[in-house]
Number of protein chains: 2
Amino acid sequence: MSGVLHVLLHMAERDEPVTSEALAKAMDTNPVVIRRVMAGLRDQGYVRSEKGHGGGWTLARDLADVSLRDIYEALGEPSLLAIGNRTEKPGCLVEQAVNAALTRAFDDAEALLLSRLADVTLAQLSADFHKRLIGRGKGHRLEVAHAK
Amino acid sequence: MSGVLHVLLHMAERDEPVTSEALAKAMDTNPVVIRRVMAGLRDQGYVRSEKGHGGGWTLARDLADVSLRDIYEALGEPSLLAIGNRTEKPGCLVEQAVNAALTRAFDDAEALLLSRLADVTLAQLSADFHKRLIGRGKGHRLEVAHAK
DNA sequence: TTTCATGTAACTATTGATATTACATGAATG
DNA sequence: CATTCATGTAATATCAATAGTTACATGAAA
């Protein structure tokens with residue numbers, strides 16, 4: 001999630017396509033990992049990919065039209081909470097009582113998180129970034145900001 | 001978390017100490033795992049352990065005095081969220097903007113979850129269990145409810 | 001003094017996430 | 001039109017965290 005948003009914002013600062021290799025270097029990972037993740041976003045229409053010379057990844061949507069929740073969903077809605085119920089349909093009544101209470105708490109927290117993510121657009125993140133850029137050197141280019 | 005609460009409520013239904021072996025069988029795990037987890041709770045004063053014949057684990061506190069958050073903290077406050085920021089103190093301004101937004105959302109969700117856990121006591125869970133018990137066979141004994 | 005139970009360190013196994021390798025497809029370039 | 005560059009994807013490997021196991025020590029009750 002964090003890494004994907006990072007990548008998307010860097011792409012927004014570019015006119016030409018960015019290769020998986022360049023992104024992988026910046027994120028300190030492997031190009032194939034980038035392709036796997038981006039493939040999901042492409043299938044949902046958030047980015048485009050081009051093969052061959054001058055190819056790579058480009059944004060397919062206006063930043064203002066995409067919320068963090070959109071991205072979360074495009075990533076396949078991975079589980080947000082680190083803990084959960086031991087079993088899903090327990091026969092034991094004790095466990096049923098425990099599950100009921102925990103599920104209530106978990107669901108509420110998850111719902112809040114999702115609504116917070118829905119409140120923030122990529123455009124807002126980009127604006128925040130440009131605000132931070134003022135008064136700093138021009139270290140915003142992908143390769144420079146992530147120099148080894 | 002789920003498993004620990006389960007164990008504590010079963011212990012509450014008993015007068016004599018419960019052995020790690022009995023609990024392990026019910027939780028479908030190993031006695032040593034039970035001891036490791038319970039040792040933490042004992043150090044925080046929530047349960048007592050006794051060696052030798054007739055030994056095992058007993059509750060050390062009134063169920064009404066213990067909230068789910070207390071148990072969570074006694075377990076060492078494991079991280080609640082499954083996702084987080086890629087790096088903690090990023091030099092990249094893009095990442096700083098991403099982190100700031102995500103951290104806000106994460107912190108809010110975590111705070112809500114903790115407050116929900118603080119609202120529920122073991123006594124409430126026990127009461128819910130006994131309510132569920134009405135109109136059901138007497139399948140509440142540890143070994144019966146968790147028969148293979 | 002034997003049995004039962006916890007206490008704990010050390011080790012092993014399992015699992016999920018991430019990374020890597022290998023090869024195929026397709027687009028630009030000279 | 002062959003070469004280079006880039007993505008697409010399956011198969012495999014690595015790694016770290018969690019859980020489980022073994023082994024042995026301690027102490028209490030029978």
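The sequence lines fix the lettering, A, B, ..., with proteins before strands; numbering per chain opens at 1.
Considering CH2 of B/Trp57 and CZ of B/Arg35, their distance stands at 8.0 Å, rounded to 0.5 Å.
Whole-Å rounding puts the B/His53 NE2 to D/dA29 P distance at 11 Å. Between A/Glu21 atom CD and C/dT20 atom C1' the separation is 14 Å, expressed in whole Å. Taking atom CG of A/Leu23 as the reference point, atom C1' of D/dC5 lies 16 Å away to the nearest angstrom. Residue A/Lys25 contributes atom NZ, which lies 16 Å from atom C1' of C/dA19 at whole-angstrom precision. The CG-P distance, from A/Asn30 to C/dT20, rounds to 5 Å in whole Å. Between A/Lys51 atom NZ and D/dC5 atom P the separation is 17 Å, expressed in whole Å. If you take CD of A/Glu16 and P of D/dA6, they are 12 Å apart, rounded to a whole angstrom.
Using a distance-only test at 3.5 Å, with no hydrogens or angles considered, a donor-acceptor pair links the side chain of A/Gln96 to the main chain of A/Pro90. When atom types are taken as modelled, the side chain of B/Asn85 and the backbone of B/Thr103 share no donor-acceptor pair closer than 3.5 angstrom.
Checking D/dA6, C/dG7, D/dG20 against every side-chain atom of B/Trp57, the shortest atom distance belongs to C/dG7. Comparing C/dA19, D/dG27, D/dT7 by their closest approach to the side chain of A/Ser49 singles out D/dT7.
Using a 4.0 Å heavy-atom criterion, one finds that A/Gly54 contacts no nucleic acid atom at all.
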Under 3.5 Å, which donor-acceptor pairs do the side chains of residues 63-76 of chain B form with other protein atoms, sequence neighbours left out?
{"from": "B/Ser67", "atom 1": "OG", "to": "B/Arg69", "atom 2": "N", "distance (Å)": "3.3"}
{"from": "B/Ser67", "atom 1": "OG", "to": "B/Asp70", "atom 2": "N", "distance (Å)": "3.1"}
{"from": "B/Ser67", "atom 1": "OG", "to": "B/Asp70", "atom 2": "OD2", "distance (Å)": "3.2"}
{"from": "B/Arg69", "atom 1": "NE", "to": "B/Glu73", "atom 2": "OE2", "distance (Å)": "3.0"}
{"from": "B/Asp70", "atom 1": "OD2", "to": "B/Ser67", "atom 2": "N", "distance (Å)": "2.9"}
{"from": "B/Tyr72", "atom 1": "OH", "to": "B/Pro78", "atom 2": "O", "distance (Å)": "2.7"}

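In this structure, A/Arg36 and A/Val33 have side chains that are in contact, with non-hydrogen atoms separated by less than 4.5 Å.
Of the side-chain N and O atoms in A/Thr19, none sit less than 4.0 angstrom from OP1 or OP2 of D/dA6.
A donor and an acceptor atom, one from each side chain of B/Glu95 and A/His10, are nowhere located under 3.5 Å apart.
Sorted by first and then second residue, the salt bridge (charged side-chain N to carboxylate O under 4.0 Å, His left out) pairs involving residues 44-64 of chain A (not counting sequence neighbours) form an empty list.
Contacts between residues 31-40 of chain B and DNA chain D, defined by a heavy-atom separation under 4.0 Å, are made by B/Val32, B/Val33, B/Arg36.
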